[in-house]
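Worksheet for the structure shown next.
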Amino acid sequence: MTLRIALVGAGSVARRHVGVLHGLGGARVVSVTDAHRPAAEALAAELDVPCFTDPDPALDAVEADAVYVCVPPFAHGPAELAALERGKALFVEKPVGLALDVAERIGRQVEETGVVTGTGYHWRCLDTAVLARDLLAEAPPLLANGYWLDKRPPVPWWGRADRSGGQVVEQLTHVLDTARFLLGEAVEVYAAGVRGTPDGTGPDDGDVDDATAATVRFRSGAVATLAATSALAVKHRAALHTVSRGLVLELAEDGLTAFWPAERTEHAPAEDPRIAVDREFLEAVRGERETTRVPYGEALRTHRLACAIAQSARTGRAVALEELG
């Protein structure tokens, strides 16, 4: 069975998914939609499929089994709701929204329709992440340190909080999702952010923080510190480290290192998680697996955590997760 995929978004992330989907076999993109018509036309011409600037006419004109939504944070909403109104399986790239209102509405409709969903939190597809969780089951974590130390992406919307949501929402979210996977649910956060540098200089395009530090308390009793910055020239680190009695784990997208009292072990992923996340979604749509690793409802809980940190950094006050749903 070849699944027909309606693609919404024609940027670099969307193109990556096209390559993976066509490389896996058993799926083909049948339409491309992007509000920026030249981008939609360019990718559609490469794929020899029709292009659109609005998801509703796209889904009415071309029969599809599933919809992939690969748009910036501010653009989430119309495509997901159009897909759900038509009962289509839905894959949504991270983050699942800008603030919480639209994402919560989509989450409610996902529950009502019961369609298969998947999201772009591909770190969950790492077998090394599963190994880390198994190790932590024997040595419960007391402390975690998460990092996303990177450069500013070269797209104009990223530096605006009302378009990207800021670095915590747009980038650190992968680490937040992994922290939830390994440590359980967060209950309270406190964060602080800074824009510019101590001498008063810094980028003058946009209003997002250049660095954010957060403390998170988990229901399990574990605590975590999280650090994010976009002030570097190149990406330095994106990882989550955990500390247990007698065990330190360092997990990143490219591997897991475990430090024991008398030894150190290193583990490389068996499969590229960016491929696994698409493969598993296709399997779920075909009914070959019950669900994906991070269906929409699970991604929404990660998004609530990201929004809580962003809110705390903005207001200077601690935020309890129960306040956000």
Side-chain angles (χ1 to χ4, degrees), residues 72-76 94-101 103 121 123 142-180 182-183 186-218 222-243 250-253 301-324:
F74 66 86
H76 283 286
K94 50 60 57 184
V96 294
L98 186 64
L100 275 173
D101 51 352
Y121 286 101
W123 282 38
L142 301 170
L143 171 70
N145 306 112
Y147 309 91
W148 200 286
L149 313 179
D150 205 345
K151 61 184 183 299
R152 178 179 285 213
V155 287
W157 53 263
W158 198 90
R160 293 177 50 185
D162 65 348
R163 309 295 273 175
S164 69
Q167 187 181 19
V168 170
V169 169
E170 212 282 320
Q171 287 183 328
L172 185 67
T173 186
H174 274 303
V175 175
L176 300 180
D177 187 67
T178 305
R180 289 186 53 247
L182 297 182
L183 282 75
V187 295
E188 187 178 42
V189 306
Y190 173 74
V194 61
R195 182 168 184 269
T197 56
D199 61 3
T201 63
D204 55 8
D205 53 333
D207 58 356
V208 300
D209 287 337
D210 295 305
T212 305
T215 302
V216 182
R217 184 166 57 87
F218 291 82
V223 293
T225 64
L226 302 163
T229 184
S230 58
L232 301 177
V234 295
K235 187 175 184 179
H236 174 68
R237 175 180 295 168
L240 182 71
H241 300 173
T242 65
V243 178
E250 296 183 353
L251 177 65
E253 194 172 347
R301 286 187 281 275
T302 293
H303 189 54
R304 288 186 189 127
L305 175 55
C307 289
I309 293 172
Q311 178 179 322
S312 180
R314 185 172 61 252
T315 64
R317 299 178 180 176
V319 175
L321 269 294
E322 63 182 13
E323 297 174 5
L324 301 181

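Keep in mind that the numbers below use all heavy atoms, side chains included, and drop hydrogens, waters and symmetry copies.
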Distance-only, no hydrogens or angles: does the Asp207 side chain make a donor-acceptor pair with backbone N or O of Ala161 under 3.5 Å? yes
Please confirm whether the backbone N or O of Pro156 pairs with a side-chain atom of Arg163, one donor and one acceptor, at under 3.5 Å? no
Arg314: which residues meet the side-chain hydrogen bond (donor to acceptor under 3.5 Å, both in side chains) condition with it, sequence neighbours left out? none
Residue pair Val96 / His76, side-chain heavy-atom distance below 4.5 Å: no
Side chain to side chain, Leu251 and Thr242, heavy atoms closer than 4.5 Å: no
Distance col, row Asp177:CG vs Lys94:NZ, nearest 0.5 angstrom, shows 11.0 Å
What I want to check is whether the side chains of Trp158 and Glu170 have a donor and an acceptor closer together than 3.5 Å. yes
Find out whether Thr212 and Leu172 are in side-chain contact, i.e. whether some heavy atom of one side chain is under 4.5 Å from a heavy atom of the other. no
Return the CG to OG distance between Leu149 and Ser230, rounded to the nearest 0.5 Å. 10.5 Å
Within the 4.5 Å heavy-atom criterion, are Val223 and Leu143 side-chain neighbours or not? yes
Between Trp123 and His174, what is the ring plane arrangement, given parallel below 30°, perpendicular above 60°, and tilted in between? parallel
Kindly write out the residues that satisfy side-chain hydrogen bond (donor to acceptor under 3.5 Å, both in side chains) with Arg217, not counting sequence neighbours, or none if the list is empty. Glu188
Under a 3.5 Å threshold, yes or no: a donor from one side chain and an acceptor from the other, between Tyr121 and Thr173? yes
Nearest-0.5 Å distance, OG1 of residue Thr229 to CD of residue Gln171: 10.0 Å
I'd like to check Val243 versus Leu142 (side-chain heavy atoms, cut-off strictly below 4.5 Å). Are they in contact? no
Contacts of Phe218 meeting ring pair (Phe, Tyr, Trp, His ring centres under 6.0 Å) (sequence neighbours excluded), chain-then-number -> none
Counting distance only, does the side-chain N/O of Ser312 pair as donor-acceptor with the main-chain N or O of Arg317 below 3.5 Å? yes
